[in-house]
> 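Take a look at this one; I'll ask things after.
A, B, ... follow the sequence lines: proteins, then strands. Residue 1 opens every chain. Please read these numbers as outputs of a predicted model, since none were measured by experiment.
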Protein chains: 2
Amino acid sequence: MDRLKKPASPPKVYIEIVGKLREMIEEDGLEPGDKIPSERELSERLNVGRSSVREALRALELLGLIETRRGEGTFIRDFQEHRLVELLGTFFLQDEKVIKDLAETKTIIELDCLRLIASSAADQEIKDFKEWAGSTQFTDEMFFEHAARINPNRLMERIWRVVNSYAGCPADGRFIREKAEYLELIDSLFSRDMEKTLVVYSQKVRKLSNGE
Amino acid sequence: MDRLKKPASPPKVYIEIVGKLREMIEEDGLEPGDKIPSERELSERLNVGRSSVREALRALELLGLIETRRGEGTFIRDFQEHRLVELLGTFFLQDEKVIKDLAETKTIIELDCLRLIASSAADQEIKDFKEWAGSTQFTDEMFFEHAARINPNRLMERIWRVVNSYAGCPADGRFIREKAEYLELIDSLFSRDMEKTLVVYSQKVRKLSNGE
DNA sequence: GAATCTAAGTGGTCTGACCACGTATGTATA
DNA sequence: TATACATACGTGGTCAGACCACTTAGATTC
């Protein structure tokens with residue numbers, strides 16, 4: 001039962017390989033899409049077993065940092081698409097209260113996206129947004145998917161997508177509000193009038209809550 | 001072994017093992033600290049090679065979801081403390097845009113947390129918050145860690161933690177602003193005066209931006 | 001009863017083998 | 001020459017077995 005100090009556990013090989021890969025990528029200036037050495041070559045170059053190389057690669061793959069194509073090789077992925085949030089989500093998102101939090105969070109994030117759009121999206125994009133909304137039949141989800149996409153912050157878009165994928169369990173709210181409200185919302189964005197946006201949006205939320 | 005044809009993309013064994021483990025954890029109600037079956041047992045139970053089991057376990061370990069102790073076994077970790085993110089940070093956080101988005105997102109989420117606190121946290125908690133802030137030496141990160149914790153929405157807290165662990169990898173913002181500003185922020189929460197909170201917070205952000 | 005030794009169990013690593021798949025090479029054909 | 005096909009090679013995907021180092025618990029010994 002003695003809790004004695006642990007001198008220094010020998011570093012795991014696969015962890016070191018992860019580090020080596022990082023260095024390698026940095027030194028060689030490899031970018032998303034580029035190919036990294038084959039498992040066998042890495043195994044030889046680093047003097048480790050191929051299985052250890054694979055453990056490292058598989059871990060990075062699960063993180064979404066690399067992509068492997070059988071018969072072709074291993075490639076660096078677009079890091080902006082790391083799956084961290086999804087993974088954590090799929091692993092422990094079974095709580096009950098979570099459902100309520102999810103809905104709330106979705107609303108919050110959507111508002112954030114609108115804010116970001118109002119404050120720094122290009123006029124043209126908002127214009128396109130309005131045009132799209134005016135000429136298409138869309139659901140609430142589609143509307144905010146569009147908003148998340150044109151918001152200038154990619155990370156916020158990712159967060160929205162994750163939250164949405166969980167919050168939007170098939171059933172609940174696939175309703176379609178009156179298009180006029182959405183158009184009004186876009187107009188408020190275009191005028192960069194955040195005050196107005198907030199009013200319009202919270203009004204929409206209130207309606208939805210009551211309807212539910 | 002059954003070798004069935006999979007015309008579509010053949011699912012990788014280690015990915016399926018990750019899924020099986022998730023189910024296993026859920027069904028058996030395993031919690032942080034609990035031990036999961038040994039690699040050899042999993043290999044046998046799932047009819048897969050031990051190396052494939054290891055690939056899955058190593059990936060989850062790198063994610064910080066499990067912990068392995070040589071000679072003892074593999075254990076579930078406290079998910080809330082997934083600090084794996086820093087890995088991603090050290091790996092590919094060279095992209096300017098990503099860093100900017102991160103900082104911006106962190107600010108946004110923090111504001112959201114403040115909003116949530118102001119709108120529905122218990123008075124007592126805000127009071128405790130203020131007391132803590134008044135009697136402790138804290139960093140900006142600690143302050144918002146506290147805020148994220150007492151905000152009523154657990155999902156928002158989790159998002160903050162993720163974003164924070166990403167954003168706070170280098171030694172950038174370990175600064176300590178004047179305590180008075182933070183106290184003022186809490187006061188604005190207590191008075192449920194979101195207007196004021198926004199002003200105070202954005203003021204803080206502006207200062208930080210300039211300081212940087 | 002306490003200290004010690006021993007065996008079993010577990011993760012850590014390596015090697016070698018086979019498969020499935022993509023691509024490049026080369027050969028045969030039109 | 002140009003196209004089509006066939007083959008060989010390289011790559012990731014997976015498995016099996018073998019060690020090693022370490023922890024734990026049971027058996028043994030004092």
> Take atom CD of B:Glu41 and atom P of C:dG9, then tell me their distance rounded to the nearest Å.
12 Å
> Of the nucleotides D:dT14, C:dT13, C:dG22, which one has an atom closest to the side chain of A:Glu72?
C:dG22
> May I have the distance from A:Ile66 (atom CD1) to D:dT11 (atom P), rounded to whole angstrom?
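Taking CD1 of A:Ile66 and P of D:dT11, I get 15 Å after rounding.
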> Are more than 12 heavy atoms from other residues, nucleotides or ligands located less than 6.0 Å from atom CD of A:Glu41?
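It does: A:Glu41 CD has more than 12 such atoms within range.
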> Does the pair B:Phe129 and B:Phe143 meet the rule for a ring-ring contact (aromatic ring centres under 6.0 Å, His included), with working shown?
CA-CA 9 Å; B:Phe129 189 17; B:Phe143 180 86; 5.0 Å; yes
> Grab the CZ-P distance between A:Arg69 and D:dT11 for me, whole Å please.
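Between P of D:dT11 and CZ of A:Arg69: 14 Å.
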> Kindly indicate whether the side chain of B:Arg40 and the base of C:dG11 share any N or O donor-acceptor pair separated by less than 3.5 Å?
yes
> With the side chain of B:Glu39 defined as its heavy atoms from C-beta on, choose the nearest nucleotide among C:dC21, C:dT15, C:dG12.
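The answer is C:dG12, which lies nearest to the side chain.
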> Using only modelled atom types and a 3.5 angstrom limit, is any donor from either the side chain of A:Arg58 or the base of D:dG13 paired with an acceptor on the other?
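In this structure, the two groups form no donor-acceptor pair.
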> Quick one: is A:Arg54 getting a side-chain N or O under 4.0 Å of the D:dG13 phosphate, OP1 or OP2?
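For A:Arg54, the contact criterion (side-chain N or O under 4.0 Å from OP1 or OP2 of D:dG13) is met.
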> From CG of A:Asn47 over to P of C:dT13, roughly how many Å is that when rounded to an integer?
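From A:Asn47 CG to C:dT13 P: 15 Å.
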> Of the nucleotides C:dA17, C:dG12, D:dC15, which has the atom closest to the A:Arg50 side chain?
C:dA17
> Quick check for you: among C:dG12, D:dT14, D:dG13, whose closest atom lies nearest to any side-chain atom of A:Thr68?
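For the A:Thr68 side chain, the nearest candidate turns out to be D:dG13.
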> Which residue, A:Pro37 or B:Ser43, contacts DNA chain D at a nucleotide closer to its 5' end, judged by nearest heavy atom?
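It is A:Pro37 whose nearest nucleotide is closer to the 5' end.
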> For C:dG12, does either OP1 or OP2 sit under 4.0 Å from a side-chain N or O belonging to A:Ser52?
no
> So A:Phe144 and A:Tyr182, would you call those rings parallel, tilted or perpendicular, with 30° and 60° as cut-offs?
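Judged by the thresholds at 30° and 60°, the geometry between A:Phe144 and A:Tyr182 is perpendicular.
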> Roughly, in whole Å, what's the span from CD in B:Glu55 to C1' in C:dC14?
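Answer to the nearest Å: 14 Å.
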> Does the pair B:Gln124 and B:Asp128 meet the rule for a side chain to side chain donor-acceptor pair (under 3.5 Å), with working shown?
CA-CA 6 Å; B:Gln124 187 56 46; B:Asp128 292 343; 2.9 Å; yes
> Provide, to the nearest angstrom, the distance between the NZ atom belonging to B:Lys35 and the P atom belonging to C:dG9.
12 Å
> For A:Gly71 and for A:Tyr14, locate the closest nucleotide of DNA chain C by heavy-atom distance; then report the residue assigned to the nucleotide nearer the 5' terminus.
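Between the two, 5'-proximity favours A:Tyr14.
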> Grab the CD-P distance between B:Glu16 and D:dT14 for me, whole Å please.
9 Å
> Starting at atom CD1 of A:Ile17, determine the distance to atom C1' of C:dG12, rounded to an integer number of angstrom.
12 Å
> Atom CG in B:Asn151, atom CD in B:Glu157: separation rounded to 0.5 Å?
7.0 Å
